[in-house]
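As structure tokens, the structure follows; a few thoughts come after it.
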Amino acid sequence: MKMMQKISFNCKEATLLALQKEEKQLSFLVRLKLAVHVATCRYCKWFLKESKQMDGAMYKLDQSLFEHPIHFLSEEKKVLIKNQLDNFS
Amino acid sequence: MALQPEKWLTNYGDYLFSLAMVKTNNKETAEDLVQDCFFSAIKSKESFRGESSERTWLVSILNNKIIDYYRKKSVLKNTDSYLVDTEQAFMDNFFQNNNFSDAHWNKEAFGTSWSSKADDELNESEFQRVLLFCLAKLPPKLSCVFTSKFIDDQDSDSVCKELGLSSSNFWVIIHRAKLAMRGCLQKNWL
């Protein structure tokens with residue numbers, strides 16, 4: 001058990017580091033310990049896969065909301081904004 | 001490339017409102033932000049150089065208004081103490097032996113992985129629906145950072161600068177947001 005702790009991280013550490021790894025430079029030893037953990041822990045492996053899938057879905061949100069808005073300005077607000085813009089022009 | 005203010009409301013009104021709603025979860029706030037955005041935009045239309053598209057330009061004005069709103073509401077005030085005070089309770093939802101060196105996933109809490117469902121393109125709109133549902137449930141301190149990073153596709157340094165956040169707090173927040181989001185998706189995506 002103590003051996004495992006020395007050569008890999010626990011799940012809480014591993015999930016945090018795996019997210020940081022995308023942007024931060026982690027040392028070789030940290031990356032190695034992370035890889036050891038992920039190779040032997042299916043929950044963390046799944047978490048990382050799910051994390052990437054969330055990233056992709058989040059990134060698509062902007063275009064999706066542009067093509068298909070999900071919230072709509074009230075007519076009153078639209079009139080207010082239109083008047084404001086018209087008065088300025 | 002010229003601006004067309006007479007078409008802004010039609011072309012971008014609901015889009016910007018939807019973005020503001022996702023980022024603030026408050027209808028009145030989001031409406032005011034969109035109104036302020038359009039008003040700012042028309043006042044500064046001469047400064048538009050055409051380096052970006054009209055849409056991108058309007059979104060950047062909106063995002064600046066949203067950041068001002070976060071600052072005004074002190075959403076990220078006392079982040080240090082908030083994170084310290086809530087660490088135990090938050091992490092206990094996901095990990096066993098949380099405070100110890102062998103902290104590991106709580107299997108019951110993890111449930112099953114939804115990743116194979118997410119891979120299926122046919123589920124894309126459903127995935128998005130549940131994603132938005134879960135985003136709305138995130139605490140404001142987590143959601144403002146999470147949406148700034150992942151909807152706007154910004155690097156962490158830019159987000160930290162914008163929100164006045166330290167790098168270490170940023171990563172703690174993103175970690176928590178991801179844990180909460182994947183858990184919510186697992187519970188709500190049947």
Side-chain angles (χ1 to χ4, degrees), chain A residues 1-2 4-6 8-24 37 41-74 76-82 84-89, chain B residues 5-6 8-9 12-15 17-22 27 30-31 34-35 38-39 42-43 55 59 91 94-95 97-98 100-105 107 110 113-115 118-119 124-125 127-128 131-132 135 146-147 149-153 155-156 167 171-172 174-175 178-179 181-182 185-186:
Chain A
M1 198 57 190
K2 277 215 159 87
M4 276 310 282
Q5 285 159 23
K6 284 196 154 70
S8 83
F9 293 115
N10 65 43
C11 296
K12 197 169 84 163
E13 293 164 333
T15 48
L16 172 62
L17 285 165
L19 296 176
Q20 289 178 312
K21 184 172 147 236
E22 285 167 35
E23 265 192 68
K24 285 173 83 167
H37 180 88
C41 176
R42 64 189 145 139
Y43 298 101
C44 284
K45 199 180 305 175
W46 283 328
F47 172 82
L48 293 189
K49 184 147 198 263
E50 290 164 347
S51 172
K52 285 210 158 51
Q53 287 167 328
M54 280 193 279
D55 292 353
M58 288 292 287
Y59 183 62
K60 283 182 191 168
L61 263 185
D62 180 73
Q63 183 63 20
S64 178
L65 292 176
F66 177 67
E67 290 170 10
H68 308 287
I70 55 168
H71 297 287
F72 302 93
L73 289 164
S74 63
E76 296 83 41
K77 205 63 180 179
K78 282 187 177 158
V79 165
L80 213 69
I81 291 173
K82 187 174 186 311
Q84 199 173 36
L85 292 176
D86 288 343
N87 287 339
F88 196 86
S89 303
Chain B
E6 69 281 3
W8 283 353
L9 205 48
Y12 309 109
D14 292 329
Y15 160 57
F17 182 52
S18 297
L19 273 176
M21 277 292 286
V22 171
K27 184 167 157 283
E31 282 181 338
V34 174
Q35 187 173 357
F38 280 141
F39 196 52
I42 199 132
K43 276 194 286 187
R55 170 182 158 187
V59 170
M91 291 299 175
F94 304 101
F95 302 108
N97 293 354
N98 174 16
F100 301 93
S101 56
D102 63 341
H104 53 272
W105 277 102
K107 291 177 193 170
F110 190 93
S113 175
W114 43 261
S115 67
D119 268 339
E124 200 172 296
S125 64
F127 185 16
Q128 187 180 280
L131 187 83
L132 289 164
L135 272 175
F146 189 68
T147 55
K149 163 118 186 84
F150 289 108
I151 295 183
D152 307 338
D153 194 27
D155 65 272
S156 60
S167 175
W171 288 111
V172 171
I174 294 297
H175 186 215
K178 286 262 169 110
L179 287 167
M181 288 293 292
R182 78 73 46 206
L185 276 154
Q186 195 275 328

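We name chains A, B, ... by the order of the sequence lines, and we start the count at 1 in each one. The figures here come from the full heavy-atom set of this structure, side chains too, leaving out hydrogens, waters and symmetry mates.
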Exercise. Ring pair (Phe, Tyr, Trp, His ring centres under 6.0 Å) with Phe66(A): which residues, sequence neighbours excluded?
Worked result: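 In terms of ring pair (Phe, Tyr, Trp, His ring centres under 6.0 Å), with neighbours along the sequence ignored, Phe66(A) is linked to Tyr15(B).
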Pick one of side chain, backbone, both or neither for [X], based on which atoms fall under 4.5 Å of a heavy atom in chain A.
| X | result |
| --- | --- |
| Lys149(B) | side chain |
| Phe38(B) | both |
| Ile151(B) | both |
| Glu124(B) | side chain |
| Phe100(B) | backbone |
| Leu185(B) | side chain |
| Phe150(B) | both |
| Leu19(B) | both |
| Gln35(B) | both |

Problem set entry | Atom pair CD (Glu13(A)) and NE2 (His104(B)), whose distance is rounded to the nearest 0.5 Å |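 Result: 13.5 Å between the selected atoms.
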So which residue, [options], ends up with the most heavy-atom pairs under 4.5 Å with chain A?
| options | value |
| --- | --- |
| Met91(B), Glu6(B), Lys107(B) | Lys107(B) |
| Ile174(B), Asn98(B), Asn97(B), Val34(B) | Asn98(B) |
| Glu31(B), Gln186(B), Arg55(B) | Arg55(B) |
| Leu132(B), Val59(B), Asp152(B) | Leu132(B) |
| Arg182(B), Lys27(B), Gln128(B) | Arg182(B) |
| Asp153(B), Val22(B), Val172(B) | Asp153(B) |

For this session: Please lay out, stage by stage, how Thr147(B) and Leu61(A) fare under the test side chain to side chain contact (heavy atoms under 4.5 Å, CB included).
Result: CA-CA 10 Å; Thr147(B) 55; Leu61(A) 263 185; over 6 Å; no
For this session: Any chance you could lay out the side chain to side chain contact (heavy atoms under 4.5 Å, CB included) test for Ile42(B) and Gln84(A), step after step, and finish with the verdict?
Result: CA-CA 10 Å; Ile42(B) 199 132; Gln84(A) 199 173 36; over 6 Å; no
Can you tell me which of [options] forms the most heavy-atom pairs within a distance under 4.5 Å of chain B?
| options | answer |
| --- | --- |
| His68(A), Lys60(A), Lys82(A) | Lys60(A) |
| Arg42(A), Glu67(A), Glu22(A), Gln63(A) | Gln63(A) |
| Cys41(A), Cys44(A), Gly56(A) | Cys44(A) |
| Ala57(A), Ser64(A), Ser51(A), Ala18(A) | Ser51(A) |

With a 4.5 Å heavy-atom cut-off, do [X] and [Y] have their side chains touching?
| X | Y | value |
| --- | --- | --- |
| Leu135(B) | Met58(A) | yes |
| Gln53(A) | Trp114(B) | yes |
| Cys11(A) | Phe95(B) | yes |
| Met21(B) | Ile70(A) | no |
| Asp55(A) | Lys178(B) | yes |
| Glu23(A) | Trp171(B) | yes |

Considering only heavy atoms, which portion of [X] lies under 4.5 Å from any heavy atom of chain B: side chain, backbone, both, or neither?
| X | value |
| --- | --- |
| Glu76(A) | neither |
| Lys77(A) | side chain |
| Lys52(A) | neither |

Exercise. Given the rule in the side chain to side chain contact (heavy atoms under 4.5 Å, CB included) test, do Leu179(B) and Lys12(A) qualify, once you have shown the distances and angles that lead to the verdict?
Worked result: CA-CA 10 Å; Leu179(B) 287 167; Lys12(A) 197 169 84 163; over 6 Å; no
For this session: Test side chain to side chain contact (heavy atoms under 4.5 Å, CB included) on Trp105(B) and Thr15(A) and set out the steps.
Result: CA-CA 10 Å; Trp105(B) 277 102; Thr15(A) 48; 3.9 Å; yes
Exercise. Counting only heavy atoms not in Lys49(A), do more than 12 sit closer than 6.0 Å to its NZ atom?
Worked result: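 Buried by this count: over 12 neighbours within 6.0 Å.
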Exercise. Would you say Phe72(A) has more than 12 foreign heavy atoms packed within less than 6.0 Å of its CZ?
Worked result: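 Yes - once you tally the heavy atoms of other residues, nucleotides and ligands closer than 6.0 Å, there are more than 12.
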For this session: Would you tell me whether Glu50(A) and Ser113(B) have side-chain atoms, one donor and one acceptor, within less than 3.5 Å of each other?
Result: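 The criterion, which ignores hydrogens and geometry beyond distance, is satisfied for Ser113(B) and Glu50(A).
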Exercise. With under 30° as parallel and over 60° as perpendicular, where do the rings of Phe39(B) and Phe88(A) fit, or are they tilted in between?
Worked result: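 Perpendicular, since the angle between the ring planes exceeds 60°.
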For this session: Could you pull out all residues at least two apart from Asp14(B) that satisfy side chain to side chain donor-acceptor pair (under 3.5 Å)?
Result: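 Side chain to side chain donor-acceptor pair (under 3.5 Å) check on Asp14(B) returns nothing, list empty.
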